Structure formats: structure tokens, C-alpha cells
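Here's the structure, in C-alpha cells; my notes come after.
FYI, side chains are in, hydrogens and waters are out, and symmetry mates aren't considered; it's all heavy atoms of this structure. One-based numbering along the sequence shown. Just so you know, these numbers come straight off a predicted model, no measurement behind them.
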Amino acid sequence: MVPAIRDATLKLYQICTCSSRERGEIRPASATDEEYFLALADLFRCYRWLAGVADTDNLESKERYGRSTMEALREGIEVVERIIPFTEPRSSHPWIRESVRDAMNFGMQALTNCVRDAPSVQCIIWPDFFEAIGSLIILEEDKLLNYVCAVIMNCLTDDRLHQIVDRGYAARIFERISVFEAREDSLVAFDAVFDLSSHLLQCSLVAERDYDLLPLTARASILDMLNTSFTTHATGEPFQESVIPTFWFGKLAEEFKNNCTCLLRLREHTPIPDEECDLVLKALNLLGNITASDQLRRSFCTDKALLDEVIGIFVAVDETGRRGENLFTPITKMVNIKPQELVTPSRGLKSQLLRLLANLVYENPEFEQRARETNIFTRLKDNTTIDYRNPYVQQWAILTIRNLHFSGLLEEVRREQEAALFQQSTTQPGLAHSVDGDIMGERKWQGSLAPHRMRGFQHSETVEALDLHTSFSEPRSRPGPSTNSHVKQHGSSRREHKSTKGQRRPSKSTKADQETQTLSPPPPPPPPPPLSANPLEEQDSCSA
């Protein structure tokens, strides 16, 4: 059956390629082309099944199927180049694209079965397959790209990985990833693409050459992948180069330094998302996570330009918020915030900037002195209050003051907050001293001197803070002591509540009945058991 399908496919191929063609010339697709790709799909299905059921020890059969599949794939790509313009692949007719897509998908599945756990087959097909990768990627078929990446992952070695990067295929793959991320099933449907991308990020040429040439959405996807790799790394384990290669650190700092001024555009609502601001915010978040590590912070200990840009953009954002009502203006009362402001890109910007600043100056006397010369202590003090537009800005401001060794300012802030809490407690006696017992949620700064990583605004490993669901008038309730009597009391109250459920309510008594009713005294407690005159009898009774 397979030879018959192969012969029919070969005849149709000769018909489709019989006419002479100049390089780059495109002809209209015909019914013969569609018939050819349908036959080619059937042929690839046969090779896929034969390679899948072949014995793993019988490499000769897999090599034969691999050669046949690769030869038919080359012929199919040649026909594709005649009817589909690679410069604008979407401009071709959809009816022929469906046939081409199905045939190429089955061909990649057949190759995957051939090369899996077969190094000899990989060496045979890799040269021809490597030349065909570009044509397959340019077709812009999402599932086809995932199958191509699956073949690459089965054949992947360090030398072949660098060949892919040198040829420029990595850039095209990252461009497609930015499209996949908009889909909910991206991680499942395109797992091979993301696996290959994680390996491509280990190549320095991607950061040095390809990154700056990519569109903003593709660069943002790369930062998302780096951030995911870093945050999923175990905190207690030592950092490894495979988590985030150190050559990305300079690229992240460069991304923030060159484009951080665009963050000032976030002061106003924009109906269209700002891709440049989104990219800088991702770089800022990743820099904050990286500099929280004592081991990795050394990579930025001499980057004075980064420190200057962080301080400069923080001062600019703070000053913009003071000039008038905008999204940078602090809001200290929950009633004054609008629901739509909880999802704006500018929310938490000052918190992120102060986190990065606190980490950069930590145990760095040169950076500390450089930051102190900018006279930002007044702005730091003004940000030691709750701002619902910047969650945890209060805690990060206090941490920055501490790392800059503004001891007098830190004590002044402490006294002011104590006075504010005392004034609140006099008007509201039920108000707790703070969330966790310390002043304004500060958790014993003297005993915790290292900067911490903040993985989002929902959880902070540095301090406990008043979030959007907790205010001075509604403090978080602290659980009481877990004693046995406390547990029994709650359990008995629940049992009493259940015992009354479903019972009929007593009817209202008349006035005459109420007058005849008398209060009966409570029953006397039961008398204690008589004491035995013989101590031995008492001991025996207790033991029994």
C-alpha cells in the first residue's frame, strides 16, 4: 500500500513541478496541487505509523523511513514555494493552505517518530531538515511550528542549537511566542515551542544580536520567560547559570535605562496598551527580583547609571503626582479610589522603584553615598504613608530609609506613626496597634537586615501591610489563643445552634398567661460523691 501511495504522490509531484520557474516566481494554485498535498498527507500518515510501531532496536527500518519522509518533505516544500509567497504567506487562498498545513503537520509527526531515541537517524536527516526549518517557520502555522520544534528538541545538541541561533531561526520563534501567549491553552498546545525557547535563551547571541531586533511584544515575552524561570527557582538553593544566564543582566539594565522615561506616560488613562511601558515594567520587576539575591546583586554593584535612572524616575513620578490629580497622586483613603484604578499599569510603580532602590544601595557604601547626595529623604518620608495606588510603598520606603542609614529620619517616621496610631486608637478603642503588632506593619527591622524579594503585590516576604481590604477602621482580626476551652466553646455553640434548627417556635403568650407565669429557681447542683474513709478504696475507685 505504501509503495502505491508513494508512486501516486511522485506522479502528482512531477505534474506540479513540470513547468520551468524562476526564483521567487509564484503561480496560482490548482486542483492538482490540492490533490498532491492530500496524497502527500496520506503518505506521511503511513510513515508516521510505521515509524511509531517499529522496534527501537531495529534502527535500519527507522533510517529507511526517515530518509523517505525527508525526501517527500523536500518535494512538498518545493511545491509550496511555487504557490505560496513566503514574503506574505497569508495572502494565498485558504483552501490550499489547509491541505498544505495538514500535509506538513503529518510530515513533522512522522519525522518525530523516526528520530526519537535514534541518534543515527538524527545525524542522517539533520542537514536536510535544518535547511527546511526556515521554510516551515515562515508559513506561520501555529501547530506546524510546534511540530517543527518537537523534531528539533529530539535532535537537539549544543552545536545544533547554535546553528539555529546563527541562522536567525530563534528570532522568528520568539516572534511567534508573543502570539501564542494570548491563547489560554498556549502552554499545553505549544509545549515544544516553549521548551525550545528556554534552551535558546541560554545562547548569548540571542541577547547580543537578536533581542534588539525583535518587536516589543517579542521582547516582553522573553522577559516573561526569564521572570518565570527565576521565580520558580527554589529560594533556598544556590543560583545556577541555567536559571538566568548572567549575560541577560546587562540587557535588562540597558532596557530599563534607555526607556524608563516612557513610564511617565502612565499618569493618564490610555485605551490602547502601551507596549513600551509594559516592557519597561517587566524589566523593572525582574531587576527587583534579581537584586534581592545577595549573590546576584554583585552584578549591578558598579552600575551607577542604573542607580541614577532609578532615583531620577522615582523623583519624576513623585513630582508628577504632586503637581495635580493624576494616576501618580497618592490616595490615602479607600473611599477615594475608583475601581478602574485598581487595574491600571501605573499601580504599584513607586513600590517597584523603591524596592529596586533599596536593594541596590544595600551594603554598598558607594551607592549609598551617591543616593544620599540626591536629597531624596523628604520624598522617602512622604511615601511612608498608605497609598492605595501603590501597595506596600510604605514598607519599601521604610526599607530604603533604613538601607540608606537615615537613622534620624527613621526614628522620626516611627514617632509620627506612633502618634497617628495613638490618635486613631483614642477615637476607635477597638483598633489594633498594627497588623502584626509592630508599628504600621514593620516587622522588627533591626533583626532583619537583608533585602527581600517581593513576588507580586499579593504576598510580601518583607513586611505585613494593610492591603486594599484592610483599613484603619477595619483592622484585620487576629486569631485568638488556641486553647482547648476555646475550641470546646465554639463547638458547643455550633451544637446549640443545630439543636434549635427545625424546632417550632413557641407561640406568643397572652397577658393573663404572662401574669400567672412565675420564675422557677434553677435546679440545685448535684451533691459531690461521698469521700471514702479508706484511702486505699478511694485509690482503687479512681483507678477503676
Side-chain angles (χ1 to χ4, degrees), residues 201-212 219 222-223 226-227 229-231 233 235 237-263 279-318 349-377 379-380 396-397 399-407 448-455 462:
L201 292 177
Q202 305 295 322
C203 298
S204 59
L205 190 59
V206 175
E208 297 171 359
R209 184 195 66 184
D210 297 339
Y211 180 82
D212 294 332
R219 288 150 67 179
I222 290 178
L223 297 190
L226 293 174
N227 192 35
S229 176
F230 185 81
T231 53
H233 177 66
T235 307
E237 298 180 2
F239 176 78
Q240 299 178 358
E241 184 74 12
S242 59
V243 178
I244 295 183
T246 53
F247 54 76
W248 282 106
F249 294 171
K251 184 59 65 176
L252 290 173
E254 180 183 350
E255 185 71 61
F256 179 80
K257 290 184 293 186
N258 294 341
N259 305 312
C260 64
T261 55
C262 72
L263 296 176
L279 177 62
V280 177
L281 287 174
K282 293 179 185 297
L284 175 61
N285 180 43
L286 188 52
L287 285 172
N289 288 335
I290 293 174
T291 53
S293 170
D294 293 334
Q295 179 183 357
L296 305 181
R297 192 170 51 254
R298 302 187 187 97
S299 302
F300 304 92
C301 63
T302 59
D303 196 345
K304 298 179 182 179
L306 177 61
L307 177 67
D308 294 340
E309 291 296 337
V310 172
I311 296 176
I313 193 63
F314 168 72
V315 172
V317 170
D318 189 70
L349 176 57
K350 287 199 290 186
S351 302
Q352 295 274 32
L353 292 171
L354 287 178
R355 174 175 66 141
L356 180 55
L357 177 59
N359 291 343
L360 288 176
V361 300
Y362 176 70
E363 292 185 348
N364 192 330
E366 185 178 2
F367 276 19
E368 178 185 335
Q369 181 63 27
R370 193 178 185 90
R372 290 170 67 96
E373 292 175 355
T374 57
N375 297 326
I376 63 170
F377 59 90
R379 299 184 184 275
L380 293 176
W396 291 116
L399 184 63
T400 307
I401 293 172
R402 188 210 65 181
N403 290 350
L404 289 173
H405 294 88
F406 288 137
S407 56
S448 176
L449 297 179
H452 300 266
R453 181 186 308 160
M454 182 177 68
R455 299 182 182 178
T462 307

Please tell me if the side chains of [X] and [Y] come closer than 4.5 Å, counting only heavy atoms from C-beta onward.
| X | Y | value |
| --- | --- | --- |
| Leu404 | Leu380 | yes |
| Asn375 | Phe377 | yes |
| Leu226 | Ile222 | yes |
| Asn403 | Glu368 | no |
| Phe367 | Leu357 | no |

Pairwise distance [atom1]([X]) to [atom2]([Y]) - rounded to 0.5 angstrom:
| X | Y | atom1 | atom2 | result |
| --- | --- | --- | --- | --- |
| Leu356 | Phe300 | CG | CZ | 8.5 Å |
| Asn227 | Leu287 | CG | CG | 10.5 Å |
| Arg297 | Gln295 | CZ | CD | 11.0 Å |
| Leu286 | Phe256 | CG | CZ | 12.5 Å |
| Ile244 | Ser299 | CD1 | OG | 11.0 Å |

Result of checking Leu399, Thr291, Asn289, Leu284 against Arg355 for side chain to side chain contact (heavy atoms under 4.5 Å, CB included) = Asn289
Any side-chain donor near an acceptor of the partner, Gln369 and Arg372, under 3.5 Å =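 No.
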Pair Asn364-Arg370, side-chain donor/acceptor within less than 3.5 Å |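 Asn364 vs Arg370: no donor-acceptor pair found between side chains.
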[X] to [Y] - nearest heavy-atom pair and separation:
| X | Y | value |
| --- | --- | --- |
| Val243 | Ser229 | O-OG, 2.8 Å |
| Gln202 | Pro245 | OE1-CG, 3.3 Å |
| Ala207 | Phe247 | CB-CD1, 3.8 Å |
| Cys260 | Ile313 | O-CD1, 3.4 Å |
| Lys251 | Asp212 | NZ-OD2, 3.2 Å |
| Ala283 | Leu252 | CB-O, 4.3 Å |

Sidechain N-carboxylate O distance under 4.0 Å for Glu254, Lys257 |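 Not counted as a salt bridge, because no side-chain N and carboxylate O are separated by less than 4.0 Å.
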Go through the structure and list residues passing side-chain contact (heavy atoms from CB on, under 4.5 Å) with Ala316, not counting sequence neighbours.
-> Leu264
Partner residues of Thr374 under the side-chain contact (heavy atoms from CB on, under 4.5 Å) criterion, sequence neighbours left out |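 So Thr374 forms a side-chain contact (heavy atoms from CB on, under 4.5 Å) with Ile311, Ile376.
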Residues in salt bridge (Lys or Arg N to Asp or Glu O under 4.0 Å) with Glu309, at least two apart?
-> none
List in chain and number order the residues that pass salt bridge (Lys or Arg N to Asp or Glu O under 4.0 Å) with Glu255, two or more places apart in sequence or in another chain; answer none if no residue qualifies.
->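 With sequence neighbours excluded, Glu255 shows a salt bridge (Lys or Arg N to Asp or Glu O under 4.0 Å) to Arg219, given in chain and number order.
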Go through the steps to decide whether Phe249 and Asp303 satisfy the test side chain to side chain contact (heavy atoms under 4.5 Å, CB included), and finish with yes or no.
-> CA-CA 11 Å; Phe249 294 171; Asp303 196 345; over 6 Å; no
For Asn359 and Ile290, what are the C-alpha separation, side-chain angles and deciding distance, and is it a side chain to side chain contact (heavy atoms under 4.5 Å, CB included)?
-> CA-CA 9 Å; Asn359 291 343; Ile290 293 174; over 6 Å; no
Could you list the residues that satisfy ring-ring contact (aromatic ring centres under 6.0 Å, His included) with Tyr211, not counting sequence neighbours?
->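 ring-ring contact (aromatic ring centres under 6.0 Å, His included) check on Tyr211 returns Trp248.
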Summary of salt bridge (charged side-chain N to carboxylate O under 4.0 Å, His left out) pairs that have at least one residue in residues 201-210, sequence neighbours excluded =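 Checked against salt bridge (charged side-chain N to carboxylate O under 4.0 Å, His left out) - neighbours excluded - no pair reaches residues 201-210.
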What's the verdict on side chain to side chain contact (heavy atoms under 4.5 Å, CB included) for Asp318 and Lys350, showing C-alpha distance, side-chain angles and the deciding distance?
-> CA-CA 8 Å; Asp318 189 70; Lys350 287 199 290 186; 3.4 Å; yes
Is there a side chain to side chain contact (heavy atoms under 4.5 Å, CB included) between Asp294 and Tyr362 once you walk through the steps?
-> CA-CA 10 Å; Asp294 293 334; Tyr362 176 70; 4.3 Å; yes
